[in-house]
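Everything below concerns the one structure shown next.
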Number of protein chains: 2
Amino acid sequence: MEILIAEDEKKIANSLKKSFAEEGHHAIIALDGEKALELIREIVFDVILLDWRMPKVNGLEVLKTIRKNGVKTPIILLTALSDISNKVEALNAGADDYITKPFSFEEVLARINAVLRRSAEETNIIKCENFNLDLINRVIVSSDKKTKLTDKEFELLKYFISKKGVIVSKDELCANVWGINFNPHTNIVEVTIKNLRKKLEEATCNNFIKTIYGEGYLFISE
Amino acid sequence: MEILIAEDEKKIANSLKKSFAEEGHHAIIALDGEKALELIREIVFDVILLDWRMPKVNGLEVLKTIRKNGVKTPIILLTALSDISNKVEALNAGADDYITKPFSFEEVLARINAVLRRSAEETNIIKCENFNLDLINRVIVSSDKKTKLTDKEFELLKYFISKKGVIVSKDELCANVWGINFNPHTNIVEVTIKNLRKKLEEATCNNFIKTIYGEGYLFISE
DNA sequence: ATAAAAAATTAAAAACTTTTAATAATTCTT
DNA sequence: AAGAATTATTAAAAGTTTTTAATTTTTTAT
């Protein structure tokens, strides 16, 4: 992993760099804000550790500048205890997390992993017509609301989306959502479809699931 | 997307290529198995459509050869109805899906999306010491079993993993797993930890969650 | 138009999750 | 070593989800 350490205290910066090296990561040190900005322009980092108090250009300024330039690299702020009041300001300016000094290397690593995971999670989203399906949190995300799905509703919607534009039979749904050896002598598919339709309708104001009489269901594409 | 169409019927191949182009994808046609193998050696495709019956080297041979060479690109077999008996053979040889002729372009696109999603899902896995956490299906995967987690167990384990090697307090767990404004006057954290510990123990034969008396819990790293 | 088949709706039963509360076991301090 | 604080365990209550079953509505074919 490529890490930028923007930190003017050489001791801290060097010890972090050394620890990262032991973990197999490559870190570059910037001793002031100006240098940090310069490096960020040149190199694509996986994560940026940014000290709040730095010579020439301070952390907040760096943060604002790079976010304004559209750089989305995860950023973790390093702040002294007395700077805590600036936490909200920092998060509002586009920081992903912050760590209070003094910190252990393990803590830094844990925060980095958490931040990277969080940003990875954000990509675990299926984009649909006028809504998104968040695969990790199992919610339908539309412009103004989030609708939590149950297990079966989630599996069903996921399957429908994967078969968008193709008619799927009830047997197929049974096999793929409930499991291959499941033969219901009940209307469980209809009931679950009803519930999913209701949530989709509430979330998106659209009826995506069309019934094809005698054949099955069709998840409409556009 | 870069797509290989290995199909000897020029009509079908060309119409697929045209449809893909309309969708913004770039397709390359191979009219026989030999050409297909040659192209696969040269180009990294996102997905390969492979006809079962082809001149020179047939689909199954192509399939076996490229899988033997360690190529993991998703492959969808195109088969005539009469070839259906070979379906199992094909899937065993490493195909990801198969489509029976005649097919609509929409069906092909849907299958491609499903296959790509499936292979993307396989990357949605957090690797831990001697187990994996499947983020989509919410199961602990160890060498021999899969253990399904409930909502709260999943959130809790995910949080622990993100804070691996760092002590997390009960308040912190409350805030991050149950929600920021949740102050329990009960032992709900302890109970959920107990249940998670049991499942982790069953799945991995390890006790990853250590209690730090008076401080909180520690998810052990290695 | 009508009957038969298929799908939708509703509501209650069964199964599972989450929360609560009481009790037991462990850890720390003096 | 005893008492206080903390954590673990157990089991029952409350809340959700999943399944079942009966009834109503819609669709298709005669």
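Throughout, a chain's letter reflects where its sequence line sits, starting with A, and its residues are numbered from 1.
In this pair, B/F208 and B/F219 present their aromatic rings parallel. The plane angle is below 30°, not in the 30 to 60° band.
Whole-Å rounding puts the A/K198 NZ to C/dA8 P distance at 16 Å. Rounded to whole Å, atom C1' of D/dA5 lies 17 Å from atom CD1 of B/I212. One can place CD of B/E215 at 15 Å from C1' of D/dA5, the figure rounded to the nearest angstrom. Rounded to a whole Å, the NZ atom of A/K148 is 13 Å from the C1' atom of C/dT17. Counting to the nearest Å, the P atom of C/dT10 and the CD1 atom of A/I188 are 18 Å from each other. Between the C1' atom of C/dC16 and the CZ atom of B/R138 lies a distance of 15 Å, rounded to the nearest Å. Rounding to whole angstrom units, CG of residue A/L200 and C1' of C/dA8 are separated by 17 Å. When rounded to the nearest whole Å, the span between CG of B/L156 and C1' of C/dT17 equals 15 Å.
In terms of position on DNA chain C, the residue among B/T192 and A/G214 whose nearest nucleotide sits closer to the 5' end is A/G214.
The distance from atom OG1 of B/T192 to atom CG of B/D151, rounded to the nearest 0.5 Å, is 11.0 Å. Taking NZ of B/K198 as the reference point, atom CG of B/L196 lies at 12.5 Å (rounded to 0.5 Å). Distance CG/B/D51 to CD/B/E9: 6.5 Å, rounded to 0.5 Å. One finds the CG atom of A/L173 at 5.5 Å from the CD1 atom of A/I193 (value rounded to the nearest 0.5 Å). Within the model, atoms CD1 of B/I75 and CG of B/D97 stand 12.0 Å from one another, a figure rounded to the nearest 0.5 Å. Separation of atoms CG (B/L135) and CD1 (B/I161) is listed at 8.0 Å; rounding is to 0.5 Å.
Distances shown here put every side-chain N or O of B/W178 at or beyond 4.0 Å from the OP1 or OP2 atom of C/dT18.
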What N/O pairs connect the protein and nucleotides 24-30 of chain D at under 3.5 Å? Give each pair on its own line.
from, atom 1, to, atom 2, distance (Å)
D/dT27, O2, A/Y213, OH, 3.3

Contact string for nucleotides 8-16 of chain D, one letter per nucleotide 5' to 3', B = base within protein heavy-atom range under 4.0 Å, S = sugar-phosphate only, - = neither, reads SBB------
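A/R138 places a side-chain N or O within donor-acceptor distance of the main-chain N or O of B/I136, the cut-off being under 3.5 Å.
Using a 4.0 Å cut-off between charged side-chain N and carboxylate O, B/R111 and B/E107 make a salt bridge.
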